[in-house]
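Down below is the structure, laid out as structure tokens.
Letters go in sequence order (proteins before strands), and every chain restarts at 1. All heavy atoms count here, side chains included; hydrogens, waters and symmetry mates do not. Quick caveat: nothing in here was measured; it's all calculated off a predicted structure.
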Amino acid sequence: MTDRISQSGWRAWLTSDTPTSRRQAKLSSWYHGWLAFRGNPMAMFGLGILIFLILVAIFAPLIAPHDPLAQDLGNRLKPLGESGHLLGTDSLGRDILSRLIYGARITLYIVILVALIAPVVGLFIGTVAGYTGGIIDAILMRITDIFLAFPRLVLALAFVAALGAGIENAVLAIALTAWPPYARIARAETLTIRNSDYISAVRLQGAGPLRIITKHIWPLCLSSLIVRVTLDMAGIILAAAGLGFLGMGAQPPTPEWGAMISEGRRFILDHWWVATMPGLAIFTVSLAFNLLGDGLRDVLDPKDGGS
Amino acid sequence: MNAIDISDLNVWFGKGRDRVDAVRNVSLTLAQGGSLGLVGESGSGKSTILRALTGLAPNWTGQMAVVGETLGRRRTRSFYQTVQMVFQDPYASLHPRHSIDQVLSETLTLHGYRDIEPRIEKLLADVGLGPSFRFRYPHQLSGGQRQRVAIARALAPEPAILLLDEPTSALDVSVQAEILNLLTDIRAERNLSYMMVSHDLAVVGHMCERIAVMQNGEIVETMSVDDMRAMRMTHPYSKHLLSASMGVQTDDILSDL
Amino acid sequence: MSLLDVENLWVKFPTRTGVFDAVRGISFSLGQERLGIVGESGSGKSMTGRAILKLIRPPGQIIADRIAIEGEDIIAMNERQMRKVRGERISMVMQDPKFSLNPVMTVGNQIMEAYRIHTRSSKTEAKRKALEMLEAVSIRDQERVFRAYPHEMSGGMGQRIMIAMMLIPDPRILIADEPTSALDVSVQTQVLSIIDRLVKERGMGLIFISHDLNLVSSFCDRVLIMYSGRIVETCRADKLHEAQHPYTRGLLNSLPRLDAPNRRLEVLQRDPAWRDAPSVSGRI
């Protein structure tokens, strides 16, 4: 009983139209966003899958039934469910389920690193180019064009070839090829924000370009970038898997999903599950990110006033 | 000494073939404590004068002086402590992600004030908003409330001159009355000088003592508000504008054209 | 028989916190006249105009006992039948022509399309009719305008083109939602006189939605004054300045006046009772 009262008290506090402190105002606007997000079942489904993925990655050693690296040549290429291997085994007799569970860590690692590098670089370059304009804009945007002119995977391959194979280099290569679209978006947003009255108003208070870009333009660009990043996540996972598939990403015996597909490719006709299971995992996570992105777009799009 | 002295001001946008001369050879003065209204139709250059004055329109020639100080290419912080502006559309002039508190405290910080808390409360009270508004976001406010916030922001550095760019044209008439009354009171309390741009002669007539009529970037006539009320104007365009605003029957105006 | 008869019209929008009623049970009729609907933003005046055309998007709902055009009830009509009603029998001119005209299509093609959707006529016939219509809205150089793109037109010109487009299928009723508030005063009067002339010549009914009391009082025959989704008062337009309701009086008095200067303007004091008072009928 008291529980319910205190809960409704919280809700009233969060949805109050007259917040009494900075913290309450901030939390309340977050809560309204969450309410809008919660109303979208597909986005909630996507979020659910990703939370599940994160939990799996954290508790991998507890969940995994077998050692992902332990080979058992006597038990190679066992089909689903046979001799205690729920999803079967691969060509070296390793348990596919355990490899998928540990692979979730690598997938998350890639996703987080790319999400930390590419949009930040893009945001910085895009807003600076958009706000300053003139020669700086021209130089920065031509550089962006050069990056955009290459097919992403080919450019990433070239980077990896130069830097050496390995998961960190694969992440770096993907990030380096992923930022130009973000720069483009950030610049386009900046161009419309730049001439708005609220920017003029803060200029009339004597604010300099650095303050205007970081405090006034970034918060507005951020939401569309977050949406775009979540929608691109599927592509990033696929690019990482692609690099893994081509042998340029994670190196054996690391249980990276793309590398697992590449390995299973050789047996795809007789032992379909070896390639299919990691494929399904990639598919599910990509789909989850797309659903989440769609939901976030509805919540974060500043054109709806955020109310 | 005048609050604002402008002589031979030219302002243009674009260059080469796309150059548009928005303001041409405009000279005007605003006495200290006085109020001047600029009226004209869209594209007549009335807002552009305000933008050139505040440094938002960079391409200009001529002389502009504020309280005796000649303006150069760049505006100093002390300029922004003398001159502030209220924009036309209160829905566009407040950052959508900043709470009222953020807007005012940033403004006060930029002008180097230390006692921010009491000042925010005083500013809100001065524009007729209670303390309960302080932590709201713009989308939680009505148009009139937003415009009050914009006025509070303009008053924050305690300016001597307020530029008003169609401050009520986006508002309902009943809200317009409230905002105009507020502006009248503030001006009396703080002995401010106003320069107001509007397409609505009745609003300008209500707020200002002198009126300049603009057409195609030029001032065609300057008169006192009493002259305007008595229809003592010489330029045909001013006459036309006034008769259109007086709500004269449609047919009369058409035959007049 | 009146051109339009609306009885007990509601427009509802479900929100997270409950149902928001934008229009709350209004009734009015329209003959061959110029009917003004005035009110402030949020009074429901635009929603009323859109509801008559059934242009409220879901989840918004239109509920009415009756919306009859020349005696025919449109409440039960489906979207396909409504498409025939829109344009042929009722048309609407919106506030800003910039957003209502297709930017990548020439003016002539847009007007011709508006005509051919409803008449299945030949191209030459449509073109002849379009040029005729451009002439009817006082455009002098019709051939040039016919070939031009919307962005080459000024605001006043754009609004005339909109009017031409909306009137070419020869509707019986025109709804004009703030048709001149994006225009300068001098252009405003020209556009208004064009609307006025066409409505008179064709014996149409006009619903003129505006926030500008002076404009409505000089331009219309009859006025409905709306406040928070209801009609609070109706009167003859030329008698608007003698209106009785405190809301109407408050709106009139809050306007600054050139002929009667005063230092402070009167501020409208809203009475909660206005909201709950039953809607006045706007039927004749």
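Remark: B:Arg73 CZ is packed, more than 12 non-hydrogen atoms of other residues, nucleotides or ligands lying under 6.0 Å away. At most 12 non-hydrogen atoms from other residues, nucleotides or ligands lie less than 6.0 angstrom from CZ of A:Phe124. At most 12 heavy atoms of other shown residues, nucleotides or ligands fall within 6.0 angstrom of atom CZ in A:Phe45.
Proximity of A:Ser200 to B:Met85: side-chain heavy atoms (C-beta onward) are nowhere separated by under 4.5 Å.
Top candidate by heavy-atom pairs under 4.5 Å with chain A, chosen from B:Arg153, B:Glu106, B:His111, is B:Glu106. Among B:Pro138, B:Ala150, B:Ser132, B:Ala92, the residue with the largest count of heavy-atom pairs under 4.5 Å with chain A is B:Ala92.
Nearest heavy atoms, A:Arg203 versus B:Gly55: NH2-O, 3.9 Å. Residue A:Leu204 comes nearest to B:Phe87 through the heavy atom pair CD1-CZ, 4.1 Å, listed as atom of the first residue, atom of the second, then distance. Minimum heavy-atom separation, B:Ser93 to A:Ala201: O-CB, 4.3 Å. Taking each heavy atom of B:Arg97 and A:Ser223 in turn, the nearest pair found is NH1-OG, 3.9 Å. Among all heavy-atom pairs drawn from A:Ala207 and B:Leu110, the shortest one is CB-CD1, 3.8 Å.
If you take CG on A:Asp197 and CG on B:Leu56, they are separated by 9.0 Å, rounding to the nearest 0.5 Å. In this structure, NE2 in B:His98 is found 8.0 Å from NZ in A:Lys215, a value given to the nearest 0.5 Å. Put simply, NE2 on B:His95 and CD1 on A:Ile212 are 10.5 Å apart, with the number rounded to the nearest 0.5 Å.
Interface residue B:Arg51: only side-chain heavy atoms are found under 4.5 Å from chain A. Using a 4.5 Å cut-off between heavy atoms, B:Thr54 touches chain A through backbone and side chain atoms alike.
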